[in-house]
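In what follows, every chain begins at residue 1, and chains take the letters A, B, ... in the order their sequences are listed.
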There are 2 protein chains.
Amino acid sequence: MNIAAKPACAPSELLARRLSSFRPLQADDLAPLSELGADDHAHAAGAELSLGQGETRLVTAGLVGEARLLSDGRRQIVALRLPGDILTPGYTANHVISALAPSRTLDATALLSRLGDPRAAPALHAAWAEARRMEQRAVLDHVVRLGRLSAYERTAHLLLELHERLVRVKLAQANGFQLPITQEIMADLLGLSIVHVNRTLQQLRREGLLTYRAGSIGLPDRTSLAEACGYALQLSPTEPGRRRAG
Amino acid sequence: MNIAAKPACAPSELLARRLSSFRPLQADDLAPLSELGADDHAHAAGAELSLGQGETRLVTAGLVGEARLLSDGRRQIVALRLPGDILTPGYTANHVISALAPSRTLDATALLSRLGDPRAAPALHAAWAEARRMEQRAVLDHVVRLGRLSAYERTAHLLLELHERLVRVKLAQANGFQLPITQEIMADLLGLSIVHVNRTLQQLRREGLLTYRAGSIGLPDRTSLAEACGYALQLSPTEPGRRRAG
DNA sequence: CGTTAGTTTGACCTGTATCAAAGCAGGTGG
DNA sequence: CCACCTGCTTTGATACAGGTCAAACTAACG
């Protein structure tokens with residue numbers, strides 16, 4: 001039940017969970033996933049991952065970030081990749097992919113090209129397409145956070161998004177999850193200074209909307225938190241596995 | 001030579017230009033594009049475009065924006081679509097696609113599904129894949145602008161990006177282009193207030209890095225401008241059609 | 001020519017950055 | 001087992017980029 005360096009479950013199981021969260025899938029739909037080996041590669045926290053041209057890797061544990069570096073040292077993390085997410089090579093020279101916490105990844109180039117083909121595995125393909133859509137959506141949410149939300153809203157919004165994404169791969173509890181990253185990383189994610197991230201987290205705690213210690217985030221009242229930042233919850237606050245009615 | 005409401009050229013020619021800017025393409029490679037009719041649909045400035053589920057439209061003239069609306073009226077434009085770009089339905093309820101200037105679009109669902117197939121038209125497919133990559137890259141650039149660049153840098157960075165994108169479809173001059181949008185729209189694009197956009201544009205003008213009147217942008221010194229905001233020019237500043245050596 | 005939409009200016013305010021220093025671990029070596 | 005790093009968090013004081021409010025200016029348009 002956490003994003004540890006040690007894989008909580010087999011890579012294929014992880015992907016199965018994520019894809020099933022988008023489309024109901026039968027056991028035999030999932031068969032192609034079993035081609036994934038268990039030979040994942042470990043990355044220490046902070047290690048940069050370099051993907052070969054055209055290579056696709058599946059994150060199986062930990063937390064990976066894709067960031068853009070500016071010449072004066074500023075950094076913006078443009079995407080967070082959680083277990084079950086995939087990595088593709090960056091677009092520009094200053095685009096770096098690195099493990100934000102001890103992580104594991106696995107080459108999934110072959111499987112992924114199969115998922116992209118509607119003929120090979122229709123059910124998986126549909127679920128995969130939905131997952132891709134969701135990723136697209138997440139980037140745009142990130143744009144809105146950075147462009148139009150206050151520090152307070154940004155932070156709340158991001159935590160809610162992470163929670164929902166982790167629930168899909170069953171790596172979160174109903175009202176909390178592990179987030180083994182420093183406040184500096186949160187700052188680079190949220191486009192804020194470290195100091196301000198710290199103060200914002202304190203405010204959320206003071207208001208009883210957040211608890212955290214030792215990299216463990218608690219969101220005791222996701223409904224209020226969502227209201228406070230305009231986040232549209234996708235999963236029921238009480239039964240996070242279940243899709244919402246509205 | 002501008003992004004007017006009247007199409008400057010046939011839709012197929014527009015796509016041909018954009019794709020050719022990514023990969024050299026022969027006349028017969030481009031043949032499949034001719035299936036595009038000329039029956040594009042006009043949209044008044046400000047009009048919202050609603051795409052059917054699964055529908056894909058090609059922008060043939062004007063300027064289209066994809067925005068997210070917040071309940072209190074804040075708006076963030078998450079992507080600008082220029083002639084030669086495509087539109088797909090939004091991901092969320094608050095995602096709206098609207099013409100930012102008088103525009104024209106054309107259904108391209110059939111053609112686009114063909115471009116996605118490597119077997120049907122390999123050369124076009126490769127160019128198209130590259131174009132998609134570039135779009136991805138542009139969104140991430142937008143994230144960096146909003147998250148880590150100052151108002152001044154953001155503005156410069158965006159104008160340079162727009163210029164390069166318009167050059168690809170031959171709708172820009174060597175050092176300028178038409179940008180028929182209000183400063184309010186720029187504000188929603190850049191995550192700034194209208195007033196501050198105005199002041200930032202003035203500063204750029206004062207410094208001789210920008211001229212504009214009547215929706216016409218001039219970038220007399222793209223090299224300096226790029227330096228001022230850390231933009232990595234892709235096209236030669238002197239011969240904007242040609243790929244850069246570095 | 002009056003109306004309306006957009007731009008520009010000025011005065012003022014506030015959210016967030018910056019700087020600096022003080023706590024607080026957790027790990028290492030003596 | 002303590003003393004010491006070293007990296008992270010927290011706090012306080014201060015500065016500034018950019019927001020807000022309000023009004024004047026401009027230009028297009030019927």
Using a cut-off of less than 4.0 Å, is there contact between a side-chain N or O of A:Asn198 and OP1 or OP2 of D:dT9?
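The answer is no; no side-chain N or O of A:Asn198 sits under 4.0 Å from OP1 or OP2.
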
Does D:dG7 have OP1 or OP2 sitting under 4.0 Å from an N or O in the side chain of A:Gln183?
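It does not, given that no N or O in the side chain of A:Gln183 lies less than 4.0 Å from OP1 or OP2 of D:dG7.
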
Quick check for you: among D:dT10, D:dG19, D:dC8, whose closest atom lies nearest to any side-chain atom of A:Thr182?
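Of the options given, the side chain of A:Thr182 lies nearest D:dC8.
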
What's the closest nucleotide to the side chain of A:Arg205 if the choices are D:dG18, D:dT10, D:dG12?
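Closest nucleotide among those given: D:dT10.
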
Whole angstrom value for the distance that separates [atom2] of [N] from [atom1] of [X]:
X        : N      : atom1 : atom2 : result
A:Arg213 : D:dT10 : CZ    : P     : 14 Å
A:Met186 : D:dT9  : CE    : P     : 11 Å
A:Ile194 : D:dC8  : CD1   : C1'   : 9 Å
B:Gln76  : D:dG19 : CD    : P     : 12 Å
A:Leu201 : D:dC8  : CG    : C1'   : 13 Å
A:Asp188 : D:dC8  : CG    : P     : 12 Å
A:Leu210 : D:dT9  : CG    : P     : 13 Å

How would you give the extent of chain A contacts on DNA chain C, as first and last nucleotide 5' to 3' within a 4.0 Å heavy-atom cut-off?
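So the contact region on DNA chain C extends C:dT16 to C:dC19.
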
Indicate whether the side chain of [X] and that of [Y] have a donor and an acceptor atom separated by less than 3.5 Å.
X        : Y        : value
A:Glu66  : A:Tyr91  : no
B:Gln203 : B:Thr200 : no
A:Gln178 : A:Ser216 : yes

Quick check: on DNA chain D, is the nucleotide nearest A:Arg199 upstream (toward 5') of the one nearest A:Arg148, or the reverse? Name the residue that is more 5'.
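Checking each residue's closest nucleotide, the 5'-ward one belongs to A:Arg199.
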
Could you tell me whether [X] and [Y] make a salt bridge, using a distance below 4.0 angstrom between a side-chain N and a carboxylate O?
X        : Y        : value
B:Glu164 : B:Arg168 : no
B:Arg145 : B:Asp141 : no
A:Glu13  : A:Arg17  : yes

Residue whose closest nucleotide on DNA chain C lies nearer the 5' end, B:Glu184 versus A:Gly191
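Between the two, 5'-proximity favours B:Glu184.
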
Using a 3.5 Å distance criterion without hydrogens, assess whether the side chain of B:Thr105 forms a donor-acceptor pair with backbone atoms of B:Leu58.
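No.
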
